[in-house]
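Only one structure is covered here, and it is reproduced in the block below.
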Amino acid sequence: MNYQEKPRFPKNFMWGASSAAWQVEGAVNEDGRTPAIIDLNSQTKKPYADNSVAADHYHHYLEDVSLMAECGLSSYRFSIAWSRIIPDESRRVNPKGIEFYNHLINALIANHITPIVTLYHYDMPCWVDEKKGGWSDRRVIDEFEYYCQVCFENFGDRVKYWLTLNEQNMQIVYGDWLGVSKGCSDWFKEKWKINHIMNLCHAKAVIACHRMVPGGKIGPVPGYVPIYPETCNPADQIAAMNAEELTQKVWNDLYVFREYNGFIRRYWKEYGIDPDIRPQDMELIQQAEIDFIALNCYRSNVAKAADKDSEIKELQLNKSGKKGEFVYPVYPGIYALAPNPYVQTNDWDWEIDPVAMRYMLRYINDHYHLPMMITENGYGAHEEIAEDGGVHDQQRIHFLRDQIFQVGLAIEDGCEVIAYNPWSFTDLLSTGNGMAKRYGLVFVNTTDAEVRDLKRIKKDSFDWYSKFIKSNGKAW
């Protein structure tokens, strides 16, 4: 529907930004923090920098929070580094880790910024992986529950919005790229056992939050990529639905309805997959009633039918930032992804599709009828300081304006959206592209080749976003 007036945002709408501990903090060996599996994974991404320094938020957090306040943020979504809280298998709580996050949370609240905290953002401690079997071993469930309880006990008096596992679906879909498949001999089948263990960890976190945090609200953080059929051929529509199921809907149905849907159960049977669902597992999951859904959305995809006799082709992400290197996957008899001629792409072949935001919010609202918040959405680009000392990111301004406009339209459509937290506030380490792929409203002066002075420089998008959010979305 088209509306005569521009979108309006609720009075208490939270305007913020996002980050993740391993991508922004640095200080990986300081104050008792021990290695995490994502540290090792980041070291395999040469020539890009690893996460040992990143944006050095650990030492610059007061400066960063001051900039957030100047910008006018009313929320900040960040994650806690598990190994900074629980450094080893003794389960001894690291006081320096607690101290750092207490300082960060207190600084946010003092500046009227609501903390939204992710419990897990890819950074399982190496000791859990090595001595407890990692995600493939059920012992991780008790370790994760204990870690969550420590977080709720220490921060739950001030943090009321919690997120469980960041992009669990993407950790399964892109398990090789994120290092989750380590040690698996048959990822195609074994990933569903790992996914089930993750679901049990999610359930433990939800239950503990509701028990331990007065007024606490908690939800999942799926990565969401709306998928359109390539044509009006009915076979393409079914292929798009298959892609939707196997990349996101299976997870969202589990979170909300607290049971595995019929599609995935039939899929497991067809391919001889045993997800190892044991007695009492589903009873535990049934107790984990979420309060909202957080959503990470950057782009859209297109799907088409894939003949059962076609050759399988695995997805290959563009890792260089040179257009044209993305390889679309083909899964015979299920679906294939394809380029979309109706949208532009960035240097990493990601679709620039603001309407996908409205589509996603409408879809999630129609299916699940829960409040929603945007916890990631942003424009990655190659950037450097201009001769005048500024960083002129007009494309990011266009991107954010168009995306937010679609969020507003979804609200006008009747969706309950409570927050918009784009990725990211400062530049930080991209998951696969180091410091080369910058997302921030604030430039951090460092590169993959050298650690510079880490100076913070407000980009043009910082000023635009500041003006826009201080008007509560009226300064279009």
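Source: prediction; values computed, not measured.
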Practice prompt. For the pair R33 and D39, find out whether any cationic side-chain nitrogen is under 4.0 Å from an anionic carboxylate oxygen.
Written response: yes
Practice prompt. Could you point out which residue of E376, E244, R299 forms a side chain to side chain donor-acceptor pair (under 3.5 Å) with Y224?
Written response: E244
Worksheet, complete the sentence: Only one of F468, Y465, W464 passes side chain to side chain contact (heavy atoms under 4.5 Å, CB included) with R401, and that residue is W464
Fill in: From W82, F152, W127, residue fulfilling ring pair (Phe, Tyr, Trp, His ring centres under 6.0 Å) relative to Y147
W82
Discussion item. Under 3.5 Å, is there a donor on one side chain and an acceptor on the other for W350 and N318?
Written reply: no
Discussion item. Are W423 and Y298, when compared by the centres of their aromatic rings, separated by less than 6.0 Å?
Written reply: no
Worksheet item: Is R438 paired with D427 through a side-chain N to carboxylate O contact shorter than 4.0 Å?
Response: yes
Item to complete: Could you tell me how the ring of F257 sits relative to the ring of Y368: parallel (under 30°), tilted (30 to 60°) or perpendicular (over 60°)?
Response: tilted
Worksheet item: If you count the non-hydrogen atoms of other residues, nucleotides and ligands that lie under 6.0 Å from NZ in K160, is the total more than 12?
Response: yes
Worksheet item: Should the pair Y267 and Y271 be assigned to parallel (<30°), tilted (30 to 60°) or perpendicular (>60°) ring geometry?
Response: tilted
Practice prompt. Quick one: pull up CZ in R77 and CG in N421 and give me the separation to the nearest 0.5 Å.
Written response: 8.0 Å
Worksheet item: Should W162 and H210 be marked as a ring-ring contact (aromatic ring centres under 6.0 Å, His included) after you check the CA-CA gap, both sets of side-chain angles, and the distance that decides it?
Response: CA-CA 10 Å; W162 295 88; H210 288 152; over 10 Å; no
Worksheet item: When you check the side-chain N and O atoms of N166 and T118, is any donor under 3.5 Å from an acceptor?
Response: no
Fill in: Distance in Å, L370 CG paired with E416 CD, rounded so as to fall on 0.5 Å steps
9.0 Å
Response to the item:
Interatomic distance, CZ@F13 vs OG@S75, rounded to 0.5 Å, equals 8.5 Å
Fill in: Centroid-centroid distance, W135 to Y120, less than 6.0 Å
yes
Worksheet item: Crowded around K304 NZ? As in, over 12 foreign heavy atoms under 6.0 Å?
Response: no
Worksheet item: What residue among D281, D274, D276 forms side chain to side chain donor-acceptor pair (under 3.5 Å) with H196?
Response: D281
Worksheet item: Taking atom SG of C415 and atom CZ of R358, what is their separation to the nearest 0.5 Å?
Response: 9.0 Å
Fill in: M372 CE to Y420 OH distance, which is reported to the nearest 0.5 Å
15.0 Å
Worksheet item: Any side-chain donor paired with an acceptor under 3.5 Å for N195 and Q168?
Response: yes
Worksheet item: Knowing that exactly one of Y260, W251, Y255 qualifies, which makes a side chain to side chain donor-acceptor pair (under 3.5 Å) with N199?
Response: Y260
